[in-house]
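Just below is one structure, and these are the notes that go with it.
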Protein chains: 2
Amino acid sequence: MYQQVDRVRHDGVMSKQPKYHQVADVLRRDIVGGAYPPGARLPSESELQERFEASRNTVRAGLKLLASEGLISSSQGLGYEVRKYEVFELNASRFENLTFPQNGDSYTTDVTNAGRRPSQTFRVEMTPTPEYIAERLKVEAGSTSVLRFCHRFVDDVPWSTQATHYPEWLISKAPRLTEPGDIAEGTTRYMAGLGIEQVGYHDEIATRMPTPDEARLLEIGAGVPVLLWTRTGYSEERPIRCTITTFRGDLNRMNYEIGDLSARSESEPQ
Amino acid sequence: MYQQVDRVRHDGVMSKQPKYHQVADVLRRDIVGGAYPPGARLPSESELQERFEASRNTVRAGLKLLASEGLISSSQGLGYEVRKYEVFELNASRFENLTFPQNGDSYTTDVTNAGRRPSQTFRVEMTPTPEYIAERLKVEAGSTSVLRFCHRFVDDVPWSTQATHYPEWLISKAPRLTEPGDIAEGTTRYMAGLGIEQVGYHDEIATRMPTPDEARLLEIGAGVPVLLWTRTGYSEERPIRCTITTFRGDLNRMNYEIGDLSARSESEPQ
DNA sequence: CTGCTCAACTTGTTGGTACAAGCTGATGTA
DNA sequence: TACATCAGCTTGTACCAACAAGTTGAGCAG
């Protein structure tokens, strides 16, 4: 039943790969070669059983491999389909405007400019500072901080979650941070008006597979990682905010422009 | 055999989750709660069968779920173990030194400073420009370009691959780019000495699951995404290089420091 | 004591069966 | 015609059995 040698591949070539691996390889080649374009439906499991002369378990193992690579997705009753991407560009560096609004405005503007419809839910909490945040805000882990949380959608597709923490000492200086509603002019501008100016920031970018919570909020299927963007904003004296944004990795790409890029913008008139 | 209602969870609470999902949930809780610290070995499949009163396949489905989240890994004959991370920080923004060497020096310095041992293999090719690169270099797709390829290790663990493409028109101006060996002073400095100065760059950061090739080169197991870093360097006139770096997502984190961060560096004397 | 063999563990692969549950179009009834 | 029902497709879950193959340590032969 289980042999690693003398196995004949689908194309007739000998191979030492397990059979489910060969199933995945052939289908992957078909997909990247364009035989199944993005959005196309793959043959059903039973058809693939015949095609590869394999049991259902074996075929499913191969399909699961492709799903974990993010190439395909499946739904009960509908079959397997080739995943289609649609990347949204994020501009992370804007020197000319270090105090651009973080909560809402930048996102709303970018999405609207791209001809898409933004929407979001919003929440404010007082919460103990998690250790990861506390390190960056230079406060004690567990001390209270203001958490302003955003769940963002583009055309009703979940896009990102954003959690901004403000340290406790800021509350007395900028009390509106604790207000449950949106701050129209943006938190950065509001704080700048109070003399708390963000003069620099530190960005950290990491990636990993989503936690079950993240997978639920962002409606992420198997094989799609998240992109984690941590931005710590500084006044001249100390850190004043720490924002963690969690993006769907298949839908977003971050951009940083550094130095003189006149050569780039000149020749890109569109 | 297959019921979604009236199923009793391991802790005695009713649940509509499939059983393999419950297995994963309980184990995940144990792992993040510290019952199984990083590097620890999980109970064997047969032990888990008894603990959860489930078949081997069901237990394996739960374990596979955790593996696809990047929480655990398994090896034949050895069992399952909790994955341990060790993040390496990458400094992507260095304003003071826009012409810092890209091929080798920056990596070697950073890794050595961290007390680790860097090593790499290196290769130079003349190759047709892939479309993705051609767009960024503003040359025709398929036109020849110089590809300088690096496969980098830290303490003999595969860390990243880096592919830098130089457009064809540069070759006559900077012929040493096609030399198969390393350029001691760094390509950026070499080109600057010839009057081709990199005055700005555009970074793009994306994430996805590795292709089989990437998984092989970087020795990536299931559940670990890659971090893709595309840097396009510009002279005052036009793009002069495009570098794609592929990192293991579990081992790397990118850092950008923008604006005035005196408040950060002051209070971090280490 | 050294070194080899092998039993007993581990996970990996492949086959099978059965039923649950989601989706769609055909069919039949009002 | 309008609508509900259902057969027949799809994938999802759960079980069983068997054998392959990597790892380790006990135990035996030299």
Side-chain angles (χ1 to χ4, degrees), chain A residues 1-10 15-27 36 40-68 71-83 215 221-223, chain B residues 1-10 15-27 36 40-68 71-83 215 221-223:
Chain A
M1 253 196 261
Y2 173 51
Q3 292 178 223
Q4 279 222 323
V5 286
D6 286 36
R7 184 181 293 136
V8 177
R9 277 210 325 225
H10 188 255
S15 164
K16 282 169 203 155
Q17 292 265 310
K19 200 189 254 191
Y20 78 97
H21 219 306
Q22 301 172 29
V23 171
D25 286 344
V26 172
L27 290 176
Y36 302 110
R41 197 174 165 285
L42 288 177
S44 72
E45 291 176 355
S46 38
E47 288 177 276
L48 293 173
Q49 282 184 57
E50 288 185 23
R51 177 170 170 192
F52 291 104
E53 291 174 5
S55 73
R56 189 173 170 217
N57 281 347
T58 304
V59 167
R60 282 176 65 84
L63 290 165
K64 193 157 195 170
L65 193 56
L66 295 179
S68 75
L71 268 182
I72 64 173
S73 62
S74 63
S75 14
Q76 196 168 1
L78 284 174
Y80 294 80
E81 80 167 42
V82 181
R83 200 166 259 162
Chain B
M1 251 196 257
Y2 172 50
Q3 294 178 222
Q4 278 222 327
V5 285
D6 287 33
R7 183 181 293 136
V8 178
R9 278 212 322 228
H10 189 254
S15 164
K16 280 170 204 156
Q17 290 266 311
K19 199 191 253 189
Y20 79 97
H21 219 307
Q22 301 172 30
V23 171
D25 286 345
V26 172
L27 290 176
Y36 302 110
R41 195 174 166 288
L42 258 54
S44 73
E45 291 176 355
S46 39
E47 289 175 277
L48 293 173
Q49 282 185 57
E50 287 184 24
R51 176 170 168 193
F52 291 104
E53 291 174 6
S55 74
R56 185 172 172 219
N57 281 348
T58 303
V59 167
R60 282 175 67 82
L63 290 165
K64 193 156 194 170
L65 194 56
L66 295 179
S68 76
L71 268 182
I72 63 174
S73 61
S74 63
S75 13
Q76 196 169 0
L78 285 175
Y80 294 81
E81 81 167 39
V82 180
R83 198 167 260 160

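Order of the sequence lines sets the chain letters (A, B, ...), proteins ahead of strands, with each chain counted from 1. What you see is a predicted model; the values in this text were computed from it and never measured.
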Phosphate OP1/OP2 of C:dT11: any B:Lys64 side-chain N/O under 4.0 Å = no
Between A:Tyr80 and D:dG12, does any side-chain N or O lie under 4.0 Å from OP1 or OP2?
-> yes
Among D:dT10, C:dT10, C:dG12, which nucleotide sits nearest the side chain of A:Ser44?
-> D:dT10
Could you tell me whether the phosphate oxygens of D:dT10, OP1 or OP2, come under 4.0 Å of any side-chain nitrogen or oxygen in A:Ser46?
-> yes
5' precedence on DNA chain C between B:Pro43 and A:Arg56 (nearest-nucleotide basis) | B:Pro43
Which atom names give the shortest non-hydrogen contact between A:Thr58 and A:Tyr20, and what distance separates them?
-> O-CB, 3.4 Å
Minimum-distance nucleotide (side-chain atoms of B:Leu78 versus D:dT23, C:dG15, D:dC15) = D:dT23
Could you tell me the separation between the CD1 atom of B:Ile72 and the P atom of C:dT10, rounded to a whole number of Å?
-> 16 Å
Shortest non-hydrogen contact from A:Glu45 toward A:Val59 | O-CG1, 4.1 Å
In whole angstroms, how far is the P atom of C:dC9 from the CZ atom of B:Arg41?
-> 13 Å
Are side-chain heavy atoms of A:Leu71 and A:Leu27 found at a separation under 4.5 Å?
-> no
5' precedence on DNA chain D between A:Asn57 and B:Gly77 (nearest-nucleotide basis) = A:Asn57
Nearest-Å distance, CD (B:Glu45) to P (C:dT13)?
-> 11 Å
Taking every heavy atom of B:Leu63 against every heavy atom of B:Ile72, the minimum-distance pair comes out as O-CD1, 3.5 Å
A:Phe52 atom CZ is separated from C:dT14 atom P, nearest whole Å, by 13 Å
Could you check which of D:dA21, D:dC15, D:dG12 has an atom nearest any side-chain atom of B:Gln76?
-> D:dA21
Could you check how far CD of A:Glu81 sits from P of D:dT10, rounded to whole Å?
-> 16 Å
Give the rounded distance in Å between these two atoms: CD of B:Glu50 and C1' of C:dC9.
-> 14 Å
Would you please confirm or rule out a distance under 4.0 Å between OP1 or OP2 of D:dT11 and any side-chain N or O of A:Arg60?
-> no
B:Tyr20 OH - D:dT11 C1' separation (whole Å) = 11 Å
Counting side-chain heavy atoms from C-beta on, which of D:dC16, D:dT24, C:dT13 comes nearest to B:Ser55?
-> D:dC16
Please examine the side chains of B:Leu66 and B:Tyr80, heavy atoms only from C-beta on, and report whether any two atoms are closer than 4.5 Å.
-> no
Under 4.0 Å between a side-chain N or O of B:Ser74 and OP1 or OP2 of C:dT10?
-> no
Would you classify A:Ala61 as touching base, sugar-phosphate or nothing, given that sugar-phosphate means primed atoms plus P, OP1 and OP2, and contacts are heavy atoms under 4.0 Å?
-> nothing
B:Lys19 atom NZ is separated from C:dC19 atom C1', nearest whole Å, by 15 Å
